[in-house]
Protein chains: 4
Amino acid sequence: MPVEAIDDELRGRGRPRDEDARARILEASLEALEELGYPGVTCEAIAERAGASKATIYRWWPHKEAVMLEALRESVAQELPFPDTGNLREDIRIQLHNFVKLLNGPRGRVFKGMIAAAQSDPKVGAAFLSIWVMPRREFARRGIDRYRKELRRGVDLEVVLDSIYAPLYYRLLIGHAPVTIKFADQIMELVWAGISATTSQHTKP
Amino acid sequence: MPVEAIDDELRGRGRPRDEDARARILEASLEALEELGYPGVTCEAIAERAGASKATIYRWWPHKEAVMLEALRESVAQELPFPDTGNLREDIRIQLHNFVKLLNGPRGRVFKGMIAAAQSDPKVGAAFLSIWVMPRREFARRGIDRYRKELRRGVDLEVVLDSIYAPLYYRLLIGHAPVTIKFADQIMELVWAGISATTSQHTKP
Amino acid sequence: MPVEAIDDELRGRGRPRDEDARARILEASLEALEELGYPGVTCEAIAERAGASKATIYRWWPHKEAVMLEALRESVAQELPFPDTGNLREDIRIQLHNFVKLLNGPRGRVFKGMIAAAQSDPKVGAAFLSIWVMPRREFARRGIDRYRKELRRGVDLEVVLDSIYAPLYYRLLIGHAPVTIKFADQIMELVWAGISATTSQHTKP
Amino acid sequence: MPVEAIDDELRGRGRPRDEDARARILEASLEALEELGYPGVTCEAIAERAGASKATIYRWWPHKEAVMLEALRESVAQELPFPDTGNLREDIRIQLHNFVKLLNGPRGRVFKGMIAAAQSDPKVGAAFLSIWVMPRREFARRGIDRYRKELRRGVDLEVVLDSIYAPLYYRLLIGHAPVTIKFADQIMELVWAGISATTSQHTKP
DNA sequence: ATCTAATCGAGACGGTACGTCGAGTCTTCCC
DNA sequence: GGGAAGACTCGACGTACCGTCTCGATTAGAT
């Protein structure tokens, strides 16, 4: 029996899922997350905004965390990949600038909410890692690795990634200072001095 | 009528606050946070562990976040100040090592929980800042400032503090990698190269 | 154009109703009523037992009560008519005995369920009356009326019917005592004394 | 240790139950039962009418059936006992008249609802028996037993009770005819002929 | 031998109520 | 007047069933 026979059996049975409702639910949950913050996101609120029923939500997602994770995944799908200008410093700078803009937009609250949820729910943590963190790090890892010979010998790429991204997340979550473009540049400069092979003769652009 | 008479009248009427109950409540809330994570900290759980009643909790604190913040403040009071060995790199290293140990101990879950709570509750965020983050940064700021002439000119101390502490918080919260002593050293080296006035002749310890 | 042509056009187009599915649905609803009691009769349960789909049920019946009423009607169709032995007392006795057996069989739960449903749904009540109660009473009314001259003058037939049948239903529904053949006989004797024209010379059977 | 010591310990702890809320809940459930019929009685509706919360309902009763049973018990508590005029026929007549009036009042729907619920829920059935049916039967049993020598020998009291009460319940539940005072009298006459020791020379009063 | 149209199964949909749980408030008795 | 006990309102949780709806597949009579 060919694979498509099984597929046929599984695919064509019953009323198909309402993709529109799915989209409305995901959109509504993002909206709610942005407007109300994480604990303000109620399944009932999502259902009402989306014009859907709670039953539909629970049919497809085991709990609201899963809804929001999928919403995050969707909204993240169209994020730009790591840039490739031919200049490593420029690549990193552009990437950080984009990330700063993302965090300052409405998506910032989403990140705060998801990371908060992850602290007490390992499922959310694991999903956030695999959906967002790990793919972004992989892009960045490859983007930087292209210029490995420009980097100081013995530099650990994982540590570089942490030192670049962490300060932005840190300010987002702790809130002692804003996440600005300028701050990203300062971090960039500081880290660059630590990873670049040449004695850091950096000039501000 | 002397002032103390008024005081007596105001203070001394009725049974004084039960300091033992207060201590038990704070301890219980820390315990709950460590064992059960943030959403496991229900007022009922605290009351039961502490052998107190919910009314007592709400008489003295406006909500459970306030309880946990005060618990954090208490537990944080005895933290070591920024070291002073006469060598900046060594001071920072020791400080980071201590912090790594703190985060890996049961207190780590407390930090995760408080930061998570801060994301959706500005009161918690503000309190966490003023109770923990700001004082620690102030200590560190002064500790580093003592060696300002050893630092590269134009270095922004705030950025230095962020770049030093952020990676540890980042790994704690995101959880993609453990918060190890070695990691702290690596961050230390990387940042040192960016802030030290001398061309970084660092040797691995 | 003859009438049957229209009928043909209306009836004959498309796939005809699946009479087998209809039978399975009715049977399944009786089964469910017998096994699970009235609130156990969910449309989903009927559909599953019958190997049918909910849509099929709702295509042919407006709600589940209608299904059960039709099931009752079907199952009731083959009930015996009022007996005719030439002796009124004997006729009534046989009739009551049959009814006792019916109530003690699985059909008993069906009656309980239908009467329960009728209490809150007038449609069910009306249907139960017209499908079961009224026809049975009419049979009994005629059966008794044949012997009208043996009855005491002024006896109201409706009251007689009520006094004969009511105790059986009463015990069925209230459940304080079993519905036995002996009980039917006792009721029979008691009522007979009240309706017979001759001074009741009844001997226990 | 005296009993009152235990009582003291059990009685005096914590906020006492809000008897007013209890009364409002019971009243609301009776109202709802009378107005909406049994399946219309929603815990949420009761809570809203009573100005109480669902949690309060579920704290004291395991499910809505229990609420309604207790409501019935309360409302039934003040029912008149079996009369005692010195004349058995008169006693029974008065009793039946009272019962007819009860069934035709708003309480009638309550009985219908409870009996309906009892058909599918044995707990309700058992409770209805012990709260209402059995006590009433016991009163009637004693009331009739006082005149045992006026009754025909060999008459089974249980059967008498069934034959007297059943027709009223029957008409209430089946609804093929109204439950009137006249009907009660007719049943009374018919049954009297079957139980009275004297050849029934009954004259209408 | 198609074409057409009503029916079938499966199962997703918007609702409504369920019974549970925690937050934060209130009430009573005891010390 | 403080404290323990615990009842209170409120609102969200996740589940179950209702009656409706869309699918693809099936099955007759009409062409």
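In what follows, chains carry the letters A, B, and so on, assigned in the order in which the sequence lines appear, proteins first and then strands, with residues in each chain numbered from 1.
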Report summary line: Assign each of A/His63 and C/Glu65 the nucleotide of DNA chain F bearing its closest heavy atom; nearer the 5' end lies the nucleotide of A/His63
Query raised in the report: How about C/Ile115 and D/Gln119: do any of their side-chain heavy atoms sit closer than 4.5 Å?
Result: no
Query - Whole-Å gap separating C1' (F/dT9) and CD (D/Glu48) - result: 14 Å
Requested in this report: Calculate the interatomic distance between A/Ile46 atom CD1 and E/dG14 atom C1'; express it in whole Å.
Outcome: 16 Å
Query - side-chain N/O C/Arg17 vs F/dT26 OP1/OP2, d < 4.0 Å - result: no
Query raised in the report: For E/dG14, does OP1 or OP2 lie under 4.0 Å from any side-chain N or O of A/Thr56?
Result: yes
Query raised in the report: D/Arg15 side chain N/O closer than 4.0 Å to the phosphate oxygens (OP1, OP2) of E/dC29?
Result: no
**Report entry** Rounded distance in Å - NZ (C/Lys64) to P (F/dC17)
**Finding:** 10 Å
Report task. Using a 4.5 Å cut-off on heavy atoms from C-beta on, say whether the side chain of C/Glu27 contacts that of C/Glu74. Result -> no
Query - Interatomic distance where CG belongs to B/Leu36 and C1' belongs to E/dC21 [whole Å] - result: 16 Å
Report summary line: On DNA chain F, more 5' by nearest nucleotide between C/Val41 and A/Pro62 is A/Pro62
Query raised in the report: Taking OH from B/Tyr58 and C1' from F/dT9, how many angstroms apart are they, rounded to a whole number?
Result: 14 Å
Report summary line: Separation of F/dC18 atom C1' from C/Asp121 atom CG, nearest Å, is 14 Å
Report summary line: The residue, A/Ala21 or C/Ala21, whose nearest nucleotide of DNA chain E is more 5′ is C/Ala21
**Report entry** Below 4.0 Å: OP1/OP2 of E/dA6 and any side-chain N or O of C/Trp60
**Finding:** no
Requested in this report: Using a 4.0 Å heavy-atom cut-off across all strands, classify D/Trp61 as base, sugar-phosphate, or nothing.
Outcome: nothing
Query raised in the report: Is D/Glu34 reaching over with its side chain to a backbone N or O of D/Val110, donor-acceptor style, under 3.5 angstrom?
Result: no
Query - Distance-only donor-acceptor test (3.5 Å): side chain D/Lys54, base E/dG19 - result: yes
Report task. Tell me, please, whether A/Trp60 has A/Arg17 positioned over its six-membered ring: NZ or CZ under 6.0 Å from the ring centre and within 45 degrees of its axis? Result -> yes
Requested in this report: Using whole Å, report how far CD1 of C/Ile25 lies from P of F/dG19.
Outcome: 14 Å
Report task. Report the distance from atom CD of B/Glu44 to atom P of E/dC21, rounded to the nearest whole Å. Result -> 11 Å
**Report entry** OP1 or OP2 of F/dA4 under 4.0 Å from side-chain N/O of B/Arg59
**Finding:** no
Report task. Looking at every strand, decide which applies to A/Ala55 at a 4.0 Å heavy-atom threshold: base, sugar-phosphate, or nothing. Result -> base
Report task. Please determine if a side-chain N or O atom of D/Arg22 lies less than 4.0 Å away from the OP1 or OP2 oxygen of F/dC8. Result -> no
Report task. May I ask you to establish whether A/Lys112 and A/Phe128 are in a cation-pi arrangement, using a distance under 6.0 Å from NZ or CZ to the six-membered ring centre and at most 45° from the ring axis? Result -> no
Query raised in the report: A/Trp61 ring centre to A/Arg73 NZ or CZ under 6.0 Å, with the angle to the axis within 45°?
Result: no
Query raised in the report: So which nucleotide from F/dT9, E/dA17, E/dT7 ends up closest to the side chain of D/Thr42?
Result: E/dA17
